[in-house]
Number of protein chains: 2
Amino acid sequence: MAKYEKIADDLRARIRAGEWGPGDRLPAETPDLTGQYQTSLPTLRQALAVLVAEGVVDKMHGRGNFVRKPRKLVVRTNERHQWEKDRARQPEETRRQTGATEHDTGLTVLDLVFKAEFRRIEAPESLAGLFAVPAGTGLLERTYRTRYREEREPFNVARSYLLYDMAEASPELLDPSREPWPGGTQNQLFTIGIELDRVEERITARPPTIEEADELGLKAGVSVIALRKISHSTDGRVVEVSDVVLPGDRTELVFTTPLSRW
Amino acid sequence: MAKYEKIADDLRARIRAGEWGPGDRLPAETPDLTGQYQTSLPTLRQALAVLVAEGVVDKMHGRGNFVRKPRKLVVRTNERHQWEKDRARQPEETRRQTGATEHDTGLTVLDLVFKAEFRRIEAPESLAGLFAVPAGTGLLERTYRTRYREEREPFNVARSYLLYDMAEASPELLDPSREPWPGGTQNQLFTIGIELDRVEERITARPPTIEEADELGLKAGVSVIALRKISHSTDGRVVEVSDVVLPGDRTELVFTTPLSRW
DNA sequence: GAGTGGTCTAGACCACTGT
DNA sequence: CAGTGGTCTAGACCACTCC
């Protein structure tokens, strides 16, 4: 076993044993830890890199290395879809009070800050296939960033796609200044005569790309959950595709599958 | 911007531009790349570490650095639960033919190899809470490893928990040599008079622990999906809890949520 | 055995954080 | 300004893969 692995194992064991608790600073790389382990700085740093990749240690330039605190989870359920559907036909006053994210998280509209950007794009192959239209068809791309009011980085970035021709039926849907829209996308679809039959969600996890790490304020070595939501209308079409990137270490997705009785 | 970041950016751009395709070997670290970028070996390796963390490059000791091939996905749907329930009361001959994993992946029983280990444990706080029993209550812990016949490492490790007193009602359930059980857990529960009402799944993503990376044969820096499945019976009890760890870069979870009509 | 990546050293200098 | 981590060098030797 390599020296840096032995050091990483030992530090991990000391942390698990409680020698340093969550939020505590570890001894300085130089001269403390290099001295304790009788090693050079690069080797010690390689050991620390292992613990950072495992999510055990946070490095902070100029301050020190810290035992990572467990992150506060953001929960996202699949019950939100039925909830949002039930709400889509309520009066605006009701819809304005709270959205699906608040429903999941138990927060209020005031705790969260939204930012929306809209643009028209031509459908790439992958999206065109889902919508069953030719590549190059016009799509409305809407980018949403949601963050806690007290935090700087958003905790999710979502990109939603609608057929441009379809969205155009109601010019208000093309106006980003009307976001956050009371009642969400299902209400928007309702205003143009569309009812959803089911929502399909596909989930994978992977390391963040450079751009995502930047956008979500993630440390190198954590994971993101990539969720693609595909909304099917009652007349059998795909009417919305939404790609959401969530920080893996602070998101919990909850799906409930009801079963029919024997 | 640091030198190693510039090098990483340049290499990433060259890969995206197709200078090397999926599966191709990059030029040797020494002397090729260090020469091209006029840098020392450690700095070049730091640049490569960035690309490995992003999942763009695979390092293979003694062979070279390779552009990563797009991973083959293993799909897991939530329709499997209803499918398994429908199957639970079928004759053994029908149940024996295929299981839920094969249903999801389109593979046959012959493509997959199972390994099962059983033991009796005392419920830790976290599990006791879910089952609504006192901590220390006896649980049957069943560990399953599934792998492709041609691969060495399993693609998932699952740990399933049942109340020991409940499982004991049918001694066959305590016998690991009877696995894989035709019809899966829902058929096992059927034999002791239990019907499921719904299945709840909670999902997070995180870096693998040392033990998981080892067990699943993962490279450092990839992500795992941790899925906890909680099965609720028609009489309102939690009857099974199952923890599954899946390699994030080759698993796609698909959840379909049907919506009731307006 | 040739080629390739993996580990490690000793030390210099830069950049960030907090007092 | 002191303390801390971040970057970088030049080179030695080890371990793995494949011919």
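Letters A, B, ... are given to chains in the order of the sequence lines, protein chains preceding strands, and every chain is numbered from 1. Below, all heavy atoms of this structure are taken into account, side chains as well, without hydrogens, waters or symmetry copies.
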Using the test side chain to side chain contact (heavy atoms under 4.5 Å, CB included), find all partners of [X] that sit at least two apart in sequence or belong to another chain.
X: B:Gln46; value: B:Tyr4
X: B:Asp243; value: B:Tyr161, B:Arg228
X: A:Ala49; value: none

Give, for atom CD of B:Glu201 and atom CG of B:Leu253, the distance between the pair rounded to the nearest 0.5 Å. 8.0 Å
To the closest 0.5 Å, what do you measure between OG1 (B:Thr146) and NZ (B:Lys115)? 11.5 Å
Numerically ordered, the residues 35-48 of chain A set in heavy-atom contact under 4.0 Å with DNA chain D is A:Arg45
Pairs satisfying salt bridge (Lys or Arg N to Asp or Glu O under 4.0 Å), at least one member in residues 26-42 of chain A, at least two apart: A:Glu29-A:Arg45, A:Glu29-A:Lys59
Got a sec, which pairs hit salt bridge (Lys or Arg N to Asp or Glu O under 4.0 Å) with one end in residues 118-129 of chain A, sequence neighbours left out? A:Arg119-A:Glu141
Under 3.5 Å, which donor-acceptor pairs do the side chains of residues 19-28 of chain B form with other protein atoms, sequence neighbours left out?
residue : atom : partner : partner atom : Å
B:Glu19 : OE1  : B:Arg14 : NE           : 3.0
B:Glu19 : OE2  : B:Arg14 : NE           : 3.2
B:Glu19 : OE2  : B:Arg14 : NH2          : 2.7
B:Asp24 : OD2  : B:Gly21 : N            : 2.9

Residue set satisfying side-chain hydrogen bond (donor to acceptor under 3.5 Å, both in side chains) with B:Ser242, at least two apart, ordered chain then number -> none
List for me each residue that meets side-chain hydrogen bond (donor to acceptor under 3.5 Å, both in side chains) alongside A:Thr30, sequence neighbours excluded, and say none if there are none. none
Taking 5' to 3' order, which nucleotide of DNA chain D is first and which is last to have an atom within less than 4.0 Å of a heavy atom in chain A? D:dG3 to D:dT7
Using the C1' atoms of five pairs at each end, what's the angle between the two axes of the helix from C:dG1-D:dC18 to C:dG18-D:dC1, to 10 degrees? 30°
Short heteroatom pairs, N/O only, protein and nucleotides 15-19 of chain C, under 3.5 Å:
residue : atom : partner : partner atom : Å
C:dA15  : N3   : A:His61 : NE2          : 3.2

